[in-house]
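Lettering follows sequence order; numbering is per chain, from 1.
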Amino acid sequence: MQTRKKYIFITFFASWLLLFFFGGDQIRRLAFLSRKKATVLKNWPRWTDRSLLKSFADPEELQSDGGHHKQSAKHSRCRMETCFDFSRCEKHGFKVFVYPMEREDPVSESYLKIITSIEESRYYTSNPEEACLFILNIDTLDRDHLSIQYVHNINDKIQGFPLWNDGRNHLIFNLYSGTWPNYTEDLGFDIGQAILAKASFYVENFRPGFDISIPLFSKEHPQKGGERGWLYQNSVPPKKKYMLAFKGKRYLTGIGSDTRNELLHNSTFCIIPRGRRLGSFRFLEALQAACIPVLLSNGWELPFSEVIDWSKSAIVGDERLLLQVTQCHAAYEMAPCSILAFQQQTQFLWEAYFSSVEKIVQTTLEIIKDRLFLRESRPKFLWNTLPGGLLALPEYSTHLGDFPFYHLQHGSSPSGKFTAFIRAVSPVVSLSQPILKLIQAVSRSQHCAQILVLWSCEKPPPPRGRWPQTAVPLTVIHGRRKVSDRFFPYSAIGTDAVLSLDEHTSLSTSEVDFAFVVWRSFPDRIVGFPMRSHFWDSSQSQWGYTSKWTNEFSMVLTAAAFHHRYYHSLFTNYLPASLRSLIDQLSNCEDILMNFLVSAVTKLPPIKVTQKKQHQEAAPQQRQDCLNRFAAWFGYMPLVHSQLRLDPVLFKDQVSVLRKKYRHLEKP
Amino acid sequence: MCASAKYNTRGPALIPRMKTKHRIYYITLFSIVLLGLIATGMFQFWPHSIESSSDWTVEKRSVHDVPVVKLPPDSPIPERGDLSCRMHTCFDVYRCGFNPKNKIKVYIYSLKKYVDEYGMLVSNTISREYNELLTAISDSDFYTDDVNRACLFVPSIDVLNQNTLRIKETAQALAQLSRWDRGTNHLLFNMLPGGPPDYNTALDVPRDRALLAGGGFSTWTYRQGYDVSIPVYSPLSAEVELPERGPGPRRYFILSSQMALHPEYRSDLEALQVENRESVLILDKCTNLSEGVPSVRKRCHKNQVFDYPQVLQEATFCIVLRGARLGQAVLSDVLQAGCVPIVVADSYVLPFSEVLDWKRASVVIPEEKMPEMYSILQSIPQRQIEEMQRQARWFWEAYFRSMKAIALATLQIINDRIYPYAAMSYEEWNDPPSVKWSSVSNPLFLPLIPPQSQGFTAIVLTYDRVESLFRVITEVSKVPSLSKLLVVWNNQNKNPPEDSLWPKIRVPLKVVKTTENKLSNRFFPYDEIETEAVLAIDDDIIMLTSDELQFGYEVWREFPDRLVGYPGRLHLWDHEMNKWKYESEWTNEVSMVLTGAAFYHKYFNYLYTYKMPGDIKNWVDAHMNCEDIAMNFLVANVTGKAVIKVTPRKKFKCPECTAIDGLSLDQTHMVERSECINKFASVFGTMPLKVVEHRADPVLYKDDFPEKLKSFPNIGSL
């Protein structure tokens, strides 16, 4: 028994040892081999005969492309080429016609705002013959058939319109579609070939390059003007209480509204999940509050995605990875400087495209216009950089260096000369008239390229010989004798800078020289001499205008000021004809309007430079009225106050006059 | 081993008790051992088989020797492409998951030769271009050889040209890939889709959910945000080297170089030529070439023969017309020549249109408007044309040049979708290097005028001049908008005075003790700074009045992205020495303000401490000088804007004036400062400082107006 046991043990051990000896060896060899294998497999092999491989296509075939074939395939889903009649827009340009309102079909408040915005826009026409784009008078915003605002029998109605033409060149707005429980994107009527501008678009239903995704806005959304963003300081690091916030139900008022506002104000990131539909009100709220949206709404075609680069202002997450590492990681990893950039971008986008119904509608129209007029269409850069696509007119130019805004990003600088632009309203009778002195003083400036005299007087201008002899060319332009002519984009203005002058202005050469050098540092602002200010008159609860000497100012009059020639285009093409005819009637206030416009674009005050003499004017009631009417049109007061004046570095210093470059500025 | 030993020691104890049972144990144990031995013996043969199969991956291998796979006729075929696929429906993000480098992992299947049941090849094994493409991927950071960690799979089945493959069998070959799974996360590259007669605009091979990088998409077949539109590679790029030609006017205004155009287009073009004569050149295939001249490298107009693609460099605009397919290889040639492409192909999705802004490099004209082409193009200003020429060439260099460029751009686009927060920006994709170099993106770009109520934090850097420090504190505390005062105590050998000795002021006063006497301490973003505005002030600047400081703060509010300060300085180019020179004389110009008394945004403290380029920070600390010049460089470089000097004040107890023994020390100081400017300019690679001729004064400064009505009456002179 014992020996047997021993034997058994020995054989047992021996076999185990054998197994381990061989097996272990084998395993070791295997491991070694597999490591070797890994290094070998690491890369795609370098074939020995790779140079002998044939090209994927015969060069001849590549260049002559298989033959003669012109495709004319019909596709069910619309694109601009197939469903839009371009020829309608060729003759009269981009004109929008709105079907006249009918009494028996009241439209919702929001739709009325949309209609009003279009009617007030510069593209509106009341003549359907001229129109390029048509807007229905039927409220199509709410297509949830459980809603009280649901309009029935749209199909029958639109079929009755003689202009409908299966929806060709029509634009249909919609905010809500489908209903409980699925909220499919069914509009309940056949839109035919119409372009759909819809909130909460699902990518698959979206016809790229044809439809437009708009943001969901509430019925309280203002028609024009609109609140500014809530970011008023750039704190680093973002000094906010909460990192990430989400508030489920939307309480604008009543219980819960406080927490909502507090959350928005105090969070750096806001989660924006889908609501019943893909888009939710939270999106615009977060944008306004400078709370970086973290979007969790798979398949949502983001608002105006055709032009807006959302990657600079929002984090597009994936619902499937809700609160997983990736997204939180993204939020935490973001460096303070990119948080800063994102927050500023939300504010820019909010104020440029979303803060009012008017802006949303305008953006929609401009996107369509960009598709139609290919030469005059904005590169993506213009849409995503201050001051935004609505204020950068592609009709003016599509070259970045031609605008006053993009010199830094573009690495260019404004041209080194200016055009003096003098508006003459009284006939030249004597040689001592201020206009002649002015022409001489200005022409002596080393930066002056040419002088343009806008002749707005009934009497004909004096003959060539009567004008003073100047080193630079002097051209007389005949205007329509209206004040708005002064900001007409004459093609004769060849320089970036325009020195706008009144015939009574008196300026010295060194004043002009210095002001122009300053303007080169601030090409997007009005840089000039006579200043004015506005204030809130609480006793009459309206805006007041003053020409008194004050410690601050908000306007620089264009009686003597430099500005960029782009503002001529903006003044003539962006502002509505109604405002321009108002100033033409009054023969006044064009300078105030220009200040409104430039401040609305830059959100900054104008710049005042040193002037020897200051002339005062009485503040007529008229100018105050203008101020209030302009503020009403803009929907807010764009003017901004400034407390500083730019002087030459050695101005009035007790050093030798000989050291000073602009010494003539100091003579009394 | 441990476990088995235990078992053995326990074994004998069991034997006497259960005699029959332990016999069974024995038998089982022996059989296990035997099996083990047999298995090891089997292993002996296995390594050979591994070696033999890994043999083909060894460097020296021919394409012809790759393993052959026979496809049975009834092997499954994938579904046709699903037009509704989007990243969130058809793409499995979980495979990509969290990744510290934010890079997707791409796996490439090994190369096989596919034959049908009769042994006929399904397609060309691999084309030169596809091989280059796969090599590029495998050499890139995206590549992984671990199929389990991969997020994206690239089959080695070459489908670049649909005409060279058999559709059904290729689909079967795809379906039998080991990780096919309905094509999820698979990426196919195709440049020539469709075939006669109807030339579909996307690859006809059924591919289920696979992503398609395609070279001729129309808007109908392109699944936006899922597919990637790629160029049709032109093999001429590798053959012909076209030197970059500077932008500017060229001999021909419009040129068409394509062969075999549709007769309707050709007649349109010829009408264009008749109208505009010399400035339009319409080329066609040469009919009477001598033998041996490759017809692809020649083009003819009447009897004139031109070299292709060199002739493209003679034209400003080059027409890229659609043929049977939308994507045309000529687009690549045109871009290479720096010619601005006029794309006439309705509904064509331009290459990489998801990220590239084609409006900057091309003109897209609808087919209908062909006759108006000339007038449309003439309305483009020359400056813009030049920019488009530059942009066109840059697009070619970055994204069209080689199969590698195409492959990497495609993967980067997919990568950007999966890790959107690490995505490349519009500027990174689109700006040519020259623009990237000269352009500035201001980090504080939003025009904001910060609220006055916020106030500012004054930071006083001090070493041991307690008396003067206390005077500065008392003076500064009179400024209405001061909200906090921070004293940075830079003396490690001495403790700051006791609390009771400090002047009593109305705002909180904090003392920060530093661990090292470094000048950079002045620009550290201390948590104590709660305001946006920071006033840096030296402990000997006692002459500034409260009005002057308050006014400085108001000016800063209007220019929050600039340095707003009192002592102004200038840099000059010294023509004799050929280098920069520092100037502290009272000049008509200013390009720097010293941070001995200056307002700036707190953000610049972050930049100074964490983002200062090169070794400037250490250099400043080592030399104990020029921290202010460094700050001026930094701010000007990042914002592209000039400083603002406020008020006439010029006389300061400045470093230049502290020289105890007169001129000599002053001289060395100036030399040192000039050296700083030269050093920083070389580190930044440019001279970012901007020279201006203005300073900011209160609106009514020196005006004939009652002093008591002025907001800032007490503005001292000099």
Side-chain angles (χ1 to χ4, degrees), chain A residues 15 19 22-23 26 37 40-45 47-49 53 55-57 59-60 62-70 75 79 81 203-204 208 233 236 298-299 309 311 316 325-326 330 344 347 375 379-380 399 408-409 411 517-518 549 551 603-604 643-647 649 652-653 661, chain B residues 33 36 40 43 54 57 60-63 84 86 88 98 127-129 131 134-135 138 145 160-161 219-220 224 235 259-260 262 296 323-324 329 346 357 359-360 376 383-384 420-421 423 426 438-440 446-447 450 532 554-555 588 590 603 606 640 648 693-697 699 702 705 711:
Chain A
S15 32
L19 184 67
F22 279 110
Q26 290 304 323
K37 191 177 118 200
V40 167
L41 254 189
K42 189 130 189 83
N43 286 306
W44 181 255
W47 308 106
T48 45
D49 48 358
L53 288 173
S55 177
F56 75 112
E60 184 107 10
L62 262 184
Q63 287 180 14
S64 44
D65 195 25
H68 309 281
H69 182 84
K70 196 175 178 182
H75 288 272
R79 295 293 185 271
E81 310 90 84
V203 277
E204 208 191 305
Q233 62 181 77
V236 189
N298 282 356
D309 181 1
S311 66
V316 183
V325 222
T326 358
Q344 292 177 78
Q347 298 297 283
R375 251 307 293 132
K380 235 180 162 183
H399 178 68
L408 283 176
Q409 293 104 319
V517 170
V518 171
W549 285 21
N551 282 299
K603 314 228 173 339
L604 292 169
Q643 302 192 53
L644 60 95
R645 181 183 80 198
L646 295 183
D647 293 330
V649 174
K652 299 224 169 161
D653 282 347
K661 187 173 171 188
Chain B
V33 170
T40 18
F43 270 128
S54 70
T57 59
K60 304 256 185 277
R61 283 282 307 177
S62 159
V63 176
S84 68
R86 292 296 182 273
H88 63 271
F98 170 71
S127 64
R128 188 189 332 134
E129 284 79 11
N131 182 51
L134 294 180
T135 311
S138 107
D145 60 340
L160 280 182
N161 185 353
T219 51
W220 283 280
Q224 189 141 27
M259 303 190 281
H262 189 271
V296 284
D346 285 359
D357 189 350
K359 280 185 192 169
R360 285 171 67 174
I376 294 177
R383 277 199 292 170
Q384 194 177 348
Y421 44 86
Y426 171 91
S438 63
S439 78
V440 175
L446 194 71
E532 274 181 274
E554 298 291 345
V555 173
N588 284 292
V590 172
Y603 178 70
Y606 272 88
E693 300 181 20
H694 53 251
R695 70 162 198 245
D697 288 329
V699 170
K702 293 263 174 168
F705 194 70
S711 308

Problem - Heavy-atom side-chain proximity of A:Val203 to B:His88 below 4.5 angstrom - result: yes
Problem - chain A contact via B:Asn131 - side chain, backbone, both or neither, heavy atoms under 4.5 Å - result: both
Fill in the blank from the handout: When the 4.5 angstrom heavy-atom criterion is applied to A:Ser55 and chain B, the contacting part is both
Fill in the blank from the handout: Taken to the nearest 0.5 Å, the spacing of A:Arg645 CZ from B:Arg695 CZ works out to 8.5 Å
Problem - With A:Lys661 via side chain to side chain donor-acceptor pair (under 3.5 Å) - residues at least two apart - result: B:Glu693
Completion exercise
When every non-hydrogen atom of B:Pro648 is compared with those of A:Asp653, the smallest separation belongs to CB-OD1, 3.2 Å
Completion exercise
Tightest non-hydrogen contact, residues B:Val699 and A:Leu644, listed as CG2-N, 3.6 Å
Completion exercise
Under 4.5 Å to a heavy atom of chain B? For A:Gln409 that would be both
Fill in the blank from the handout: Residue set satisfying side chain to side chain donor-acceptor pair (under 3.5 Å) with B:Ser711, at least two apart, ordered chain then number -> A:Asn551
Completion exercise
Greatest number of non-hydrogen atom pairs under 4.5 angstrom with chain B, of A:Leu53, A:Leu604, A:Leu62, falls to A:Leu53
Handout entry: Portion of B:Pro420 that has a non-hydrogen atom of chain A nearer than 4.5 angstrom
Key = side chain
Handout entry: Residue B:Ala696 versus chain A: region with a heavy atom under 4.5 Å
Key = both
Problem - Flag, side chain of A:Glu81 to backbone of B:Asp346, donor-acceptor distance under 3.5 Å - result: no
Exercise for the section: Over all heavy atoms of both residues, which pair between B:Trp220 and A:Arg79 is shortest? Give the atoms and the distance, please. Expected result: CZ2-CG, 3.2 Å
Problem - Engaged part of A:Val517 at the chain B interface, taking heavy atoms whose separation is under 4.5 Å - result: side chain
Practice task
Measure across B:Asn161 and A:Ala57 and return the closest heavy-atom pair with its distance rounded to 0.1 Å.
Solution key: ND2-CB, 3.7 Å
Handout entry: Top of B:Lys359, B:Gln224, B:Met259, B:His694 for chain A proximity - count of heavy-atom pairs under 4.5 angstrom
Key = B:His694
Handout entry: Minimum heavy-atom distance B:Glu129-A:Phe56, with the two atoms named
Key = OE1-N, 2.8 Å
Exercise for the section: Please look at B:Arg383 and chain A and tell me whether the side chain, the backbone, both or neither of the residue comes under 4.5 angstrom of a heavy atom of that chain. Expected result: both
Practice task
Using non-hydrogen atoms and a 4.5 Å limit, figure out which bit of A:Asp647 sits close to chain B: side chain, backbone, both or neither.
Solution key: both
